[in-house]
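Reviewing the structure listed below.
As the structure is a prediction and not an experimental result, all values here were calculated from the model. All values below were derived from every heavy atom in this structure, side-chain atoms included, with hydrogens, water molecules and symmetry-related copies excluded.
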Amino acid sequence: MRRLVDLVRHEGNECLFKAIEMSIASTLHGFPLHVHVEGLRGTGKTTILRSARAVFPTIRRVRGCLYNCDPERPHCPEHSRLDPGDLAALGTEEIPVPFLEISHSAKVGTVVGSIDLKRITDRSSPEAAILPGTIPQAHRGFIFVDEINRLAETSPELADTLLSVMGTKPGRVQIEETGLPIVELPVRVSVWAASNPDEDPGPLEDIRRQLADRFDFVANVSRPTNPQVVKAIFAGISSKDGPLKGPDYLSRVSRLVEEVTVPAWLQEIIAGLYVDFALESLRSVEALQHGSRVAAALDMRREAGLNDLIGVVPLALHHRVSVSTMAQILKYLTERSSAREPSRLRQSPPPSGESGGRAGQGDQVAPGGSPQDAQGAVDRLFSRLRETLMRHHAPDDASGATGFPHHGRPGGAGSRTQGAAGAGSGGGDSGGGGRPWANPLDVEIAAPRARAVPIIRLSPRELIKTGEDLQ
Ligand SMILES: [Zn+2]
């Protein structure tokens, strides 16, 4: 088996590596994240998925429990009813995160489990005699289904089983035996699947739309198009971003997912996408929201942001919207992102030296906006203020002044207007020459006569006082 760390990330499979990392972190966190990988034959999708086991961390379970009971929260028929003392006496053990495959020829009984009629003592509670199938044994881990489109067509009953495993989080399996009550088991597994939509019987959406929608993410894998990447693959050298993150890192990420918040403004954007772009499934909202959290955690942050959402959209909506709608959504989000960018970048006080105008520190938030919106508004105001000042001030540069006539600072405003040299003459008469503005550095500041108002409520006109105004 090739280790995942030996596999090369390139632009064609980057989305799959990202989806795998997010799914592993989320699954360890206790929240399944189902991934369907689509791609042509030879794109390495099944190799990558199977190889992911190499970076799986370990989990602790009740010793010998076939259902992988978490010692803190035992769920299986054998251990869920034990009192803490008896449970502790059983001890615990570390096992690799389970990764089990379901083949197309599998029978439902072997996949969900069956009841051992020889072991049954009380026919009203057959739980005690369950032989757990593949899915209950993959609890807290992964189930892999290759060529899921073919499975959906040839084994509708296995597809039904997957539907109930993936329908809720945690999911469930039902074990039925004629003449006995149905036993239902909770399972927390992430389903990974692969398919080639160009081969018979076609895309999963066309065969079992409901099943296709149960996947949180669809990663569309393609062959590398860059010859350098192909060369690197043969040389065994990773070309981009280095190898997949290791088990320790993914464990850390999974613990961080718990703490990541999705701020209200981002939730509003996601809800807006659902309404404005007529997304069909509420699952898409969950995938976008939870995906953004995990993406932030992968980046070791405690708050999800717009760029996390933008990164998740292609995975969460690939199977839910048309190509053109996807493009519109990404364009819309990218525009919002660039509108926010100045406020993200500025961590220092605004250039005027004023600090009272900083929004986001208290409750001075623009109407209907987030602190980021308010900060963005302040940034826009200051940049307009600077522009206005520069425009008025340009003629003074002929005197060699670096900015304001008496208090120019090297590298200050003046350095950006050197192109204006030669125009005008004789700086130094602040407020004079008929110019309608005053150099703030030359003006004595008196306490304002009115109550102070947040700077973000002022128009740029109100921010600029003329000499007359101040006298
Ligand atoms: Zn157990």
Write out all pairs satisfying salt bridge (Lys or Arg N to Asp or Glu O under 4.0 Å) with one or both partners inside residues 23-44, taking only residues at least two apart or from two chains. R41-E199

Side-chain donor or acceptor of R188 paired with backbone N/O of P170 under 3.5 Å: no

T154 side chain to R150 main-chain N or O, any donor-acceptor pair under 3.5 Å? yes

If you round to the nearest 0.5 Å, how far is CG of L288 from CD1 of I310? 12.0 Å

In the structure I gave you, are the side-chain heavy atoms of I130 and P77 within less than 4.5 Å of one another anywhere? yes

So for atom CD, which belongs to E94, do other residues, nucleotides or ligands contribute more than 12 heavy atoms lying within a distance under 6.0 Å? yes

Does the side chain of I269 reach to within under 4.5 Å of the side chain of L333, using non-hydrogen atoms? yes

Supply the atom-to-atom distance S190 OG to D216 CG, rounded to the nearest 0.5 angstrom. 8.0 Å

Under the 3.5 angstrom rule, does the side chain of H34 hit a backbone N or O of V191 as a donor-acceptor pair? yes

How close do I175 and S114 get, counting heavy atoms only, and between which atoms? CG2-CA, 3.9 Å

Passing option when V97 is tested against L250, T58, L28, N68 for side-chain contact (heavy atoms from CB on, under 4.5 Å): L28

Please answer whether the main-chain N or O of T47 pairs with a side-chain N or O of S51 as donor and acceptor at a distance below 3.5 Å. yes

Which pair of heavy atoms, one from A297 and one from L256, lies closest together, and at what distance? O-CD2, 3.6 Å

Would you give the length of the straight line joining atom CD1 of I20 to atom CG of L49, rounded to the nearest 0.5 angstrom? 5.0 Å

Nearest heavy-atom contact between S23 and L33 is OG-O, 2.7 Å

Residue pair V313 / M326, side-chain heavy-atom distance below 4.5 Å: yes

Parallel, tilted or perpendicular: which one describes the rings of F56 and F142, with boundaries at 30° and 60°? parallel

Between L158 and H104, does the side chain to side chain contact (heavy atoms under 4.5 Å, CB included) criterion hold? Intermediate values first, please. CA-CA 8 Å; L158 281 182; H104 290 202; over 6 Å; no

Assess whether atom CZ of R209 is packed by more than 12 heavy atoms of other residues, nucleotides or ligands within 6.0 Å. no

Under 3.5 Å side-chain donor-acceptor pair for S322 and T325: yes

One pair to check against side chain to side chain contact (heavy atoms under 4.5 Å, CB included): T43 and L16. What are the steps and the verdict? CA-CA 11 Å; T43 42; L16 172 55; over 6 Å; no

Side-chain donor/acceptor of N13 to backbone N/O of V221, under 3.5 Å: no

Answer whether the closest heavy-atom distance between the side chains of T261 and R302 falls below 4.5 Å. no

Quick one: does F215's side chain get under 4.5 Å of R320's, heavy atoms only? no

Indicate the atoms forming the closest heavy-atom contact of L266 with L309, along with that distance. CD1-CD2, 4.0 Å

Run the salt-bridge test on R208 and D160 with the 4.0 Å N-O cut-off and return the result as yes or no. yes

Show your working on salt bridge (Lys or Arg N to Asp or Glu O under 4.0 Å) between R336 and E268 and close with a plain yes or no. CA-CA 13 Å; R336 290 202 64 142; E268 265 170 44; over 6 Å; no

N/O donor-acceptor pair under 3.5 Å between Q289 side chain and Q267 backbone: no

So, the side chain of E258 versus the backbone of H29: is there a donor-acceptor pair under 3.5 Å, distance only? no

Min side-chain heavy-atom separation E303-P263 under 4.5 Å: yes

Quick check: does any side chain N or O of K45 sit under 3.5 Å from a backbone N or O of V37, one acting as donor and the other as acceptor? no

Here the salt bridge (Lys or Arg N to Asp or Glu O under 4.0 Å) pairs for residues 95-114, sequence neighbours left out, are R50-E101

Do D299 and N307 pass the side chain to side chain contact (heavy atoms under 4.5 Å, CB included) test, and can you show the C-alpha distance, the side-chain angles, and the key distance before you say yes or no? CA-CA 11 Å; D299 203 24; N307 285 337; over 6 Å; no

Inter-residue atom distance S292.OG - M22.CE, 0.5 Å rounding: 7.5 Å

I need the minimum non-hydrogen distance between A296 and A304, along with the two atoms involved. CB-CA, 3.8 Å

I'd like to check Y249 versus V55 (side-chain heavy atoms, cut-off strictly below 4.5 Å). Are they in contact? no

Can you measure from OG (S284) to CZ (F277) and round to the nearest 0.5 angstrom? 12.5 Å

Calculate, to the nearest 0.5 Å, the distance between atoms CD and OG belonging to Q174 and S164 respectively. 6.5 Å

Donor-acceptor contact present, side-chain K18 to main-chain L315, <3.5 Å: no

Please report the shortest heavy-atom distance between P74 and L87, naming the atom on each side. CG-CD2, 3.7 Å

Please determine if E78 and R119 form a salt bridge, counting it only when a charged side-chain N lies under 4.0 Å from a carboxylate O. no

Report the C-alpha separation of T46 and D146 in whole Å, then their side-chain angles, then the decisive distance to 0.1 Å, and conclude whether the side-chain hydrogen bond (donor to acceptor under 3.5 Å, both in side chains) test is met. CA-CA 7 Å; T46 49; D146 199 9; 4.8 Å; no

For the residue pair I148 and L162, establish whether any side-chain heavy-atom pair is separated by less than 4.5 Å. yes

For the aromatic rings, using the six-membered ring if either is Trp, is the centroid distance between F31 and H290 under 6.0 Å? yes

Is there a donor-acceptor pair closer than 3.5 Å between any side-chain N or O of S254 and the backbone N or O of T27? no

Test side chain to side chain contact (heavy atoms under 4.5 Å, CB included) applied to R252 and M300, step by step: CA-CA 9 Å; R252 272 212 321 280; M300 290 292 156; 3.9 Å; yes

Can you name the salt bridge (charged side-chain N to carboxylate O under 4.0 Å, His left out) partners of E286, sequence neighbours left out? K169

